[in-house]
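Worksheet: the structure to be examined is printed underneath.
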Amino acid sequence: MHLKRVTSKHKGKTYEYAQIVKSVRREDGKSSIEVVKSLGRMESEEDWERAEKIKEAMEKDEKIVRLKDVEIEKQFELGLGWVAEELWDRHGIGKSLMNAFESRKHEFDPEKIAFMLTVNRLYRPGSDLSAYRWIRERGWPRVEIEKQWVYRTLDPLVEEKEEIEKNMLQELKNNLDLDLSLVFYDLTSSYFEGEGPELAKFGYSRDKRKDKKQLVLGVVMADSVPIAHRVWPGNTDDSSTLEKTVQDLKDRFGIEDMVFVADRGVFKGNLEDLDHNYIGSVKKRKSNLSEKLLPKNVPGSKEKRTAEIHTDGKKRYILCLDEDRREKDLENLEETVEEGESFLEDLEQRFKSKGRGRPMTEEGAWKRIHKNLGRSKRLFQIKVEEKNRKIEWELDQEALEYEKTIAGKFLLVTTTDLKPDKVMEEYKNLKDVEQAFDDLKNILKLRPIGHRTSKRAKGHIFICILSLILAKLMEKHTGRTFENMKEKLEPLKTNQIKIHGEKIYKRNTINPEQEEILSELDVEKPPKTLVNV
């Protein structure tokens with residue numbers, strides 16, 4: 001075969017056309033030229049180069065496709081899902097689920113459905129119904145799914161939770177060399193839509209939704225990765241969860257030698273019973289010990305400094321000062337005083353006013369004071385006299401001076417032999433759990449919970465936790481935030497292309513930023529043409 005140049009004149013202009021031709025022998029024994037394919041008008045050197053490539057492809061018996069024969073039918077999410085699948089397999093998450101499910105008989109693969117539900121939360125978190133639609137219409141890899149499989153995947157997740165978590169921790173230890181010498185624990189709450197199941201109770205709402213029933217979620221993290229979680233009824237007191245959580249770590253996971261790091265709400269009244277070393281905080285107010293120790297000086301000139309200022313048996317009390325935090329605390333204190341004074345001046349005028357309507361009662365005035373001033377009421381000395389229609393108030397200078405003195409300070413208690421600055425450093429790592437809760441609620445959309453049974457609610461939470469684990473693994477491997485990676489990887493899609501009745505899955509171009517993230521994660525680039533298995 002060879003390219004043939006054909007010219008044609010029209011209205012005084014000469015045009016060039018390309019043909020792919022080959023020599024054939026006729027019946028009479030003579031040779032002639034047969035046109036194999038006409039390639040149309042050639043207007044540039046690039047057109048002739050393209051024509052040469054087409055000729056070479058035909059010589060290799062490769063199929064030639066015209067653009068008009070190509071139809072892009074659908075587009076599926078690829079970037080995050082590709083990364084998630086690699087980490088899911090590499091760190092043994094899928095294996096942990098499969099091992100826990102192996103004695104069960106299912107008409108579908110619950111591990112695969114759990115993976116797709118987990119990836120869905122990384123992309124488009126929503127209801128179970130929206131997850132089902134996303135898996136059918138947008139998810140990669142393509143899987144067969146029926147709506148009831150979504151709900152029926154949540155049940156074995158909950159029933160086999162303890163074995164799954166145990167399996168996952170072992171896999172993470174093997175693959176990440178996970179540091180379990182310090183474990184971090186904190187709790188949050190998440191509210192229900194509607195009445196909710198048995199778990200749903202009214203309690204202290206961290207979501208500021210006192211009008212909603214809720215559940216309490218406790219998460220244990222080590223080395224910035226969630227390793228266990230437990231769900232409690234919504235009216236559970238934080239401190240009552242401590243014993244069970246510590247026992248879990250010891251009995252279920254075999255973690256004996258550890259330092260347990262938690263906030264003061266968890267440790268309340270439990271310190272004497274804890275047979276592990278710990279780091280915790282002491283409340284600033286309504287504590288004789290705090291009022292005695294917090295005003296003390298923290299020597300040195302560093303922005304963040306610490307000093308051991310008291311011991312009580314095995315307990316060591318570490319006073320910490322953060323100069324940046326001190327500056328912000330003082331600014332907030334000044335604003336609080338100004339807002340409080342403005343409110344009290346206005347309330348004073350309204351209380352003594354003799355305008356129309358029912359006059360404000362003393363009880364009504366105190367309700368407004370408590371509602372508007374809240375904890376800042378401690379900064380004022382207030383007196384309400386309904387008989388004389390008078391409110392008298394003044395700044396409590398002693399209370400104000402105490403707040404200025406303790407600005408930027410916090411008091412820690414520990415039974416470890418760590419140096420004071422290391423105690424503060426490890427306690428501040430508790431922020432990883434706080435950030436995890438923020439990610440659960442605002443990125444992975446843990447709330448609100450719409451399930452009507454406790455088991456399904458717990459299953460929903462487990463899927464969110466699995467998504468959180470993948471997000472934290474991505475962060476751990478790259479040093480980037482999950483939000484940053486999501487923004488960069490989300491444009492990476494795969495297209496379902498139909499050519500001559502055949503379906504082909506073709507990804508779009510990987511840009512340099514995406515290539516860099518894949519390299520940091522040690523994940524191979526997806527091939528240009530994907531095979532759906």
Side-chain angles (χ1 to χ4, degrees), residues 84 88 93-94 96-97 100-101 106 108-136 139 143 145-165 168 187-201 203 205-207 209 212-220 226-234 236 241 436-472 482:
W88 182 269
I93 300 171
S96 299
L97 268 67
F101 295 155
H106 289 96
F108 62 95
D109 186 345
E111 181 269 336
K112 185 171 286 187
I113 302 300
F115 170 71
M116 295 305 296
L117 290 171
T118 299
V119 174
N120 166 250
R121 299 214 80 78
L122 297 177
Y123 272 106
R124 296 285 182 274
S127 67
D128 291 329
L129 181 59
S130 68
Y132 160 71
R133 289 171 178 161
W134 182 89
I135 292 169
R136 285 191 61 189
V143 298
I145 186 171
E146 295 182 16
K147 187 163 61 176
Q148 66 266 28
W149 295 357
V150 173
Y151 304 105
R152 287 165 58 191
T153 296
L154 300 181
D155 294 340
L157 269 179
V158 176
E159 291 161 6
E160 305 294 342
K161 170 185 173 293
E162 297 208 348
E163 185 181 349
I164 292 170
E165 285 187 331
M168 282 199 301
L187 297 111
T188 190
S189 56
S190 190
Y191 60 87
F192 287 87
E193 287 293 0
E195 190 64 20
E198 187 181 352
L199 273 173
K201 306 287 183 186
S205 174
R206 293 158 174 90
D207 298 322
R209 294 302 304 264
K212 299 280 189 181
K213 288 185 177 181
Q214 63 175 25
L215 55 73
V216 171
L217 169 64
V219 173
V220 180
I227 62 171
H229 75 281
R230 187 170 287 276
V231 179
W232 313 84
T236 303
T241 69
F437 288 150
D438 188 68
D439 291 346
L440 274 172
K441 292 182 177 182
N442 298 313
I443 300 177
L444 305 175
K445 305 299 183 187
L446 172 73
R447 63 186 180 189
I449 302 169
H451 291 281
R452 296 182 181 180
T453 70
S454 295
K455 182 183 284 189
R456 294 280 166 85
K458 289 179 178 180
H460 161 76
I461 287 171
F462 203 167
I463 291 293
C464 292
I465 293 291
L466 290 172
S467 296
L468 180 66
I469 291 172
L470 288 178
K472 293 306 172 186
F482 171 71

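This chain uses plain numbering: 1 for the first residue, then up along the sequence. In this text, all values refer to a predicted model and were calculated from it rather than measured experimentally.
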Any Thr236 side-chain heavy atom under 4.5 Å of Leu215 side chain: no
Approximate separation, where rounding is to 0.5 Å, of Phe192 CZ and Gln214 CD: 9.0 Å
Distance (rounded to the nearest 0.5 Å) between Phe101 CZ and His106 NE2: 7.0 Å
Heavy-atom side-chain contact between Ile443 and Leu122 under 4.5 Å: no
Heavy-atom side-chain contact between Pro226 and Lys472 under 4.5 Å: yes
Heavy-atom closest pair, residues Arg121 and Ser467: CB-OG, 3.3 Å
Over all atoms of both residues, closest heavy-atom pair of Ala131 and Asn120: CB-OD1, 3.3 Å
Reported OH-to-OG1 distance for the pair Tyr151 and Thr453, which is rounded to 0.5 angstrom: 11.0 Å
Side-chain donor-acceptor contact under 3.5 Å, Thr188 with Lys441: yes
Carboxylate-amine/guanidinium contact Arg456 Asp155, below 4.0 Å: yes
Minimum heavy-atom distance between Pro125 and Lys445, given as atom pair plus value: CG-CG, 3.3 Å
Glu198/Arg452 salt bridge by N-O under 4.0 Å criterion: no
Step-by-step side-chain contact (heavy atoms from CB on, under 4.5 Å) determination, Ile135 to Trp149: CA-CA 12 Å; Ile135 292 169; Trp149 295 357; over 6 Å; no
Closest contact, heavy atoms only, Cys464 versus Leu444: O-CD1, 3.7 Å
Side chain to side chain, Trp88 and Leu466, heavy atoms closer than 4.5 Å: yes
Aromatic centroids of Phe462 and His229 separated by under 6.0 Å: yes
Over 12 foreign heavy atoms within 6.0 Å of CD, Gln148: yes
Qualifying residue for side chain to side chain contact (heavy atoms under 4.5 Å, CB included) with Ile469, from Ile227, Thr118, Ile93: Ile93
Atom pair OG (Ser189) and CG (Leu446), whose distance is rounded to the nearest 0.5 Å: 9.5 Å
Evaluation steps, side-chain contact (heavy atoms from CB on, under 4.5 Å), between Val119 and Trp134: CA-CA 10 Å; Val119 174; Trp134 182 89; 3.9 Å; yes
Side-chain touch Val216/Leu199, heavy atoms, less than 4.5 angstrom: no
Closest heavy-atom pair and its distance - Lys201, Pro233: CG-CB, 4.1 Å
His451 and Asp128: side chain donor to acceptor below 3.5 Å: yes
Within-4.5 Å side-chain heavy-atom neighbours: Arg133 and Leu129: yes
Beyond-backbone contact of Phe482 with Leu470, side-chain heavy atoms, under 4.5 angstrom: no
Distance, nearest 0.5 Å, that separates CZ of Arg230 from NZ of Lys458: 8.0 Å
Smallest separation among heavy atoms of Ala100 and Ile164, with atom names: CB-CG1, 3.5 Å
Ile145 side chain near Val150 side chain, heavy-atom distance below 4.5 Å: yes
Geometric cation-pi criterion, Arg447 with Tyr191: 6.0 Å, 45°: no
CZ (Arg206) with more than 12 external heavy atoms under 6.0 Å: yes
Asp207 side chain vs Arg209 backbone, donor-acceptor pair below 3.5 Å: no
From CH2 (Trp232) to CG (Leu217), nearest 0.5 Å: 11.0 Å
